[in-house]
Amino acid sequence: MTPFAIAGVQMHVSALHSNVEAMRHRIEILMARFPWTQMVVFSELAPYGPLDQFAQPFPNDALAQFQDDARRFGIWLIPGSMFEKLADGRIFNTSVVINPQGEIVKKYAKMFPFKPYEQGIASGTDFCVFDVPDVGRFGLSICYDIWFPETTRQLTSQGVEVLLHPVLTGTTDRDAEIAIARATAAQFQCYVFDVNGLGAGGVGRSLVVDPTATVLHQSAGQEDMFPIEIDLDNVRRQRETGLNGLGQVLKSFRDREADFPIYDRASGADAYLHTLGPLETPKQGSRAGVGVRDPRTVLAEDSRSRADHVAIPAFKGRTGTG
């Protein structure tokens with residue numbers, strides 16, 4: 001057995017003032033109550049809330065304080081994320097990994113900001129993988145990233161055994177996210193620590209899922225600290241023999257015969273996606289997508305009429321992501 005104790009902290013997050021001291025206070029309480037905790041994870045944007053007006057450069061005073069806490073208690077610390085402002089004016093939703101020596105060992109910028117609602121937030125392009133010595137390999141993604149299984153595919157193909165997933169979900173799709181967290185654990189045979197906030201930080205209902213898709217803990221709608229001791233030998237066993245002795249999904253993906261042209265943007269395999277219209281916030285009374293001719297029919301007709309150079313205006317001449 002390779003045990004390791006990770007605690008999620010689901011707490012009230014304010015949008016109008018700093019939550020840093022409140023986070024530090026909860027770390028102190030957590031470590032007094034559960035001194036065997038080895039890693040602490042907060043929710044997305046916990047330090048300053050969801051408004052990018054509080055964006056600031058990295059490193060900063062808040063990170064320095066979290067580094068002091070990690071060093072003081074000898075813990076790995078993921079203090080949620082905060083908006084990082086670069087010198088060129090771009091703003092990223094960025095998380096850091098702090099080791100027990102108080103060093104920032106990894107930095108990760110959210111790949112999929114929640115557009116069209118998170119307009120103005122730039123997308124990261126680098127993955128976050130780090131090792132806890134003598135324990136195992138960990139990966140980090142943020143909130144909406146998990147809706148795109150390619151992100152977890154990349155991490156687990158690099159050996160990640162635990163997905164740390166800070167979220168800020170205060171919307172009606174939390175049920176869907178919970179289902180996705182469970183499906184992710186099963187698909188990629190890994191632990192998932194999905195930590196949401198409260199108030200301006202979300203509706204709670206954080207959860208921890210093991211590599212058999214079993215929910216080890218699910219919070220309700222109040223503040224919660226939930227230290228869970230995981231067993232990474234369970235991950236290795238499931239990956240070797242299959243989920244409950246059944247599907248060996250990572251090996252099956254490794255041994256696949258198929259290639260996926262959808263990932264080649266020049267292949268044209270994503271032509272349908274370019275018929276879906278712009279990525280924008282719906283308007284009052286919008287009938288977008290209602291009573292519109294099925295784009296798949298248009299695509300089929302276009303394919304049959306290539307000799308006449310029939311094209312679809314929605315994606316004519318596009319070579320990028322749309």
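- Side-chain atoms of Tyr191 and Leu232, non-hydrogen and from C-beta on, do get closer than 4.5 Å to each other.
- Side-chain atoms of Thr184 come within 3.5 Å of backbone N or O of Ile180 as a donor-acceptor pair.
- The backbone N or O of Gly102 sits less than 3.5 Å from a side-chain atom of Asn99, completing a donor-acceptor pair.
- The salt bridge (Lys or Arg N to Asp or Glu O under 4.0 Å) contacts involving residues 99-118 comprise Glu44-Lys110, Glu84-Lys107, Lys110-Glu118, where partners must be two or more places apart or lie in separate chains.
- No side-chain donor-acceptor contact under 3.5 Å links Asp224 to the backbone of Gln10.
- Using a 4.5 Å cut-off on side-chain heavy atoms (C-beta onward), Thr169 and Cys143 make contact.
- Legend: side chain to side chain donor-acceptor pair (under 3.5 Å) pairs involving residues 120-135, not counting sequence neighbours, sorted by first then second residue: Asp131-Arg137.
- Residue His25 places its NE2 atom among 12 or fewer non-hydrogen atoms of other residues, nucleotides or ligands, all under 6.0 Å distant.
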Test ring-ring contact (aromatic ring centres under 6.0 Å, His included) on Tyr144 and Phe112; report intermediate values, then the result. CA-CA 6 Å; Tyr144 201 38; Phe112 289 94; 7.1 Å; no

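- Of all heavy-atom pairs between Val195 and Gly8, the closest is CG2-CA, 4.1 Å.
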Which is it for Asn196 and Ser206 under the side-chain hydrogen bond (donor to acceptor under 3.5 Å, both in side chains) test, yes or no, and what are the steps along the way? CA-CA 5 Å; Asn196 199 12; Ser206 302; 5.8 Å; no

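- The stretch residues 27-41 participates, sequence neighbours left out, in these side chain to side chain donor-acceptor pair (under 3.5 Å) pairs: Glu28-Arg72.
- Using cut-offs of 30° and 60° on the angle between ring planes, the pair Phe253 and Phe260 is parallel.
- Note that the CG atom of Asp68 and the CZ atom of Phe73 stand 11.0 Å from one another [nearest 0.5 Å].
- Summarising the geometry of Ala15 relative to Pro50, their closest heavy-atom pair is CB-CD, 3.8 Å, with the distance given to 0.1 Å.
- Here the straight-line distance linking atom CD of Gln189 with atom CG of Asn234 works out to 10.5 Å at 0.5 Å rounding.
- Ser157 places no side-chain N or O within donor-acceptor distance of the main-chain N or O of Gln154, the cut-off being under 3.5 Å.
- Ring pair Trp76/Phe130: centre-to-centre distance below 6.0 Å.
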Stepwise side-chain hydrogen bond (donor to acceptor under 3.5 Å, both in side chains) check, Tyr108 with Asp145: CA-CA 12 Å; Tyr108 173 71; Asp145 289 339; 2.6 Å; yes

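- With contacts defined as side-chain heavy-atom distances shorter than 4.5 Å, the pair Val105/Ile98 does not qualify.
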Check the pair Leu243 / Val249 against side chain to side chain contact (heavy atoms under 4.5 Å, CB included), numbers first and verdict last. CA-CA 8 Å; Leu243 192 155; Val249 289; over 6 Å; no

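- Ring geometry, Phe114 versus Tyr117: the interplanar angle falls under 30°, so the pair is classed parallel (tilted spans 30 to 60°).
- Sorted by first and then second residue, the side chain to side chain donor-acceptor pair (under 3.5 Å) pairs with a member in residues 45-62 form an empty list; sequence neighbours excluded.
- Side-chain contact between Met31 and Ile75: present, with at least one pair of heavy atoms (C-beta onward) separated by less than 4.5 Å.
- Using a 4.5 Å heavy-atom cutoff, the side chains of Gln101 and Arg71 are not in contact.
- To the nearest 0.5 Å, the span separating CZ on Phe83 from CG on Leu51 amounts to 8.0 Å.
- Using a distance-only test at 3.5 Å, with no hydrogens or angles considered, a donor-acceptor pair links the side chain of Gln238 to the main chain of Asn244.
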Steps toward salt bridge (Lys or Arg N to Asp or Glu O under 4.0 Å) verdict (Glu21, Arg24): CA-CA 5 Å; Glu21 283 305 316; Arg24 300 185 71 197; 3.6 Å; yes

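- One distance of note links CZ of Arg182 with OG1 of Thr212; it measures 8.5 Å at 0.5 Å rounding.
- Here the side chains of Lys85 and Phe58 are not in contact, with every heavy-atom distance at 4.5 Å or above.
- Side-chain atoms of Ser286 never come within 3.5 Å of backbone atoms of Pro282 as a donor-acceptor pair (strictly under, hydrogens ignored).
- Within the structure, salt bridge (Lys or Arg N to Asp or Glu O under 4.0 Å) pairs that include any residue of residues 157-177 comprise Glu161-Arg236, Arg174-Glu177, Arg174-Asp194, Asp175-Arg205 (at least two apart or interchain).
- Between the side chains of Arg239 and Gln248, not a single donor N or O lies within less than 3.5 Å of an accepting N or O.
- A salt bridge is absent between Glu240 and Arg237; no separation between the charged side-chain nitrogens and carboxylate oxygens falls under 4.0 Å.
- By the criterion of side-chain heavy atoms lying less than 4.5 angstrom apart, applied directly or through intervening Ile, Leu, Val, Met, Phe, Trp or Tyr residues, Val13 is not grouped with Val9; the two fall into different hydrophobic clusters.
- Taking CG of Leu164 as the reference point, atom CD1 of Ile6 lies at 5.5 Å (rounded to 0.5 Å).
- The shortest side-chain heavy-atom distance between Leu207 and Phe193 does not fall under the 4.5 Å cut-off.
- Contact of the Leu168 side chain with the Ser43 side chain is not registered, since no non-hydrogen atoms from C-beta on lie closer than 4.5 Å.
- Clustering of Ile, Leu, Val, Met, Phe, Trp and Tyr by side-chain heavy atoms under 4.5 Å joins Leu198 with none of the others.
- Going from atom CD1 of Ile262 over to atom CG of Asp270 covers 4.5 Å, rounded to the nearest 0.5 Å.
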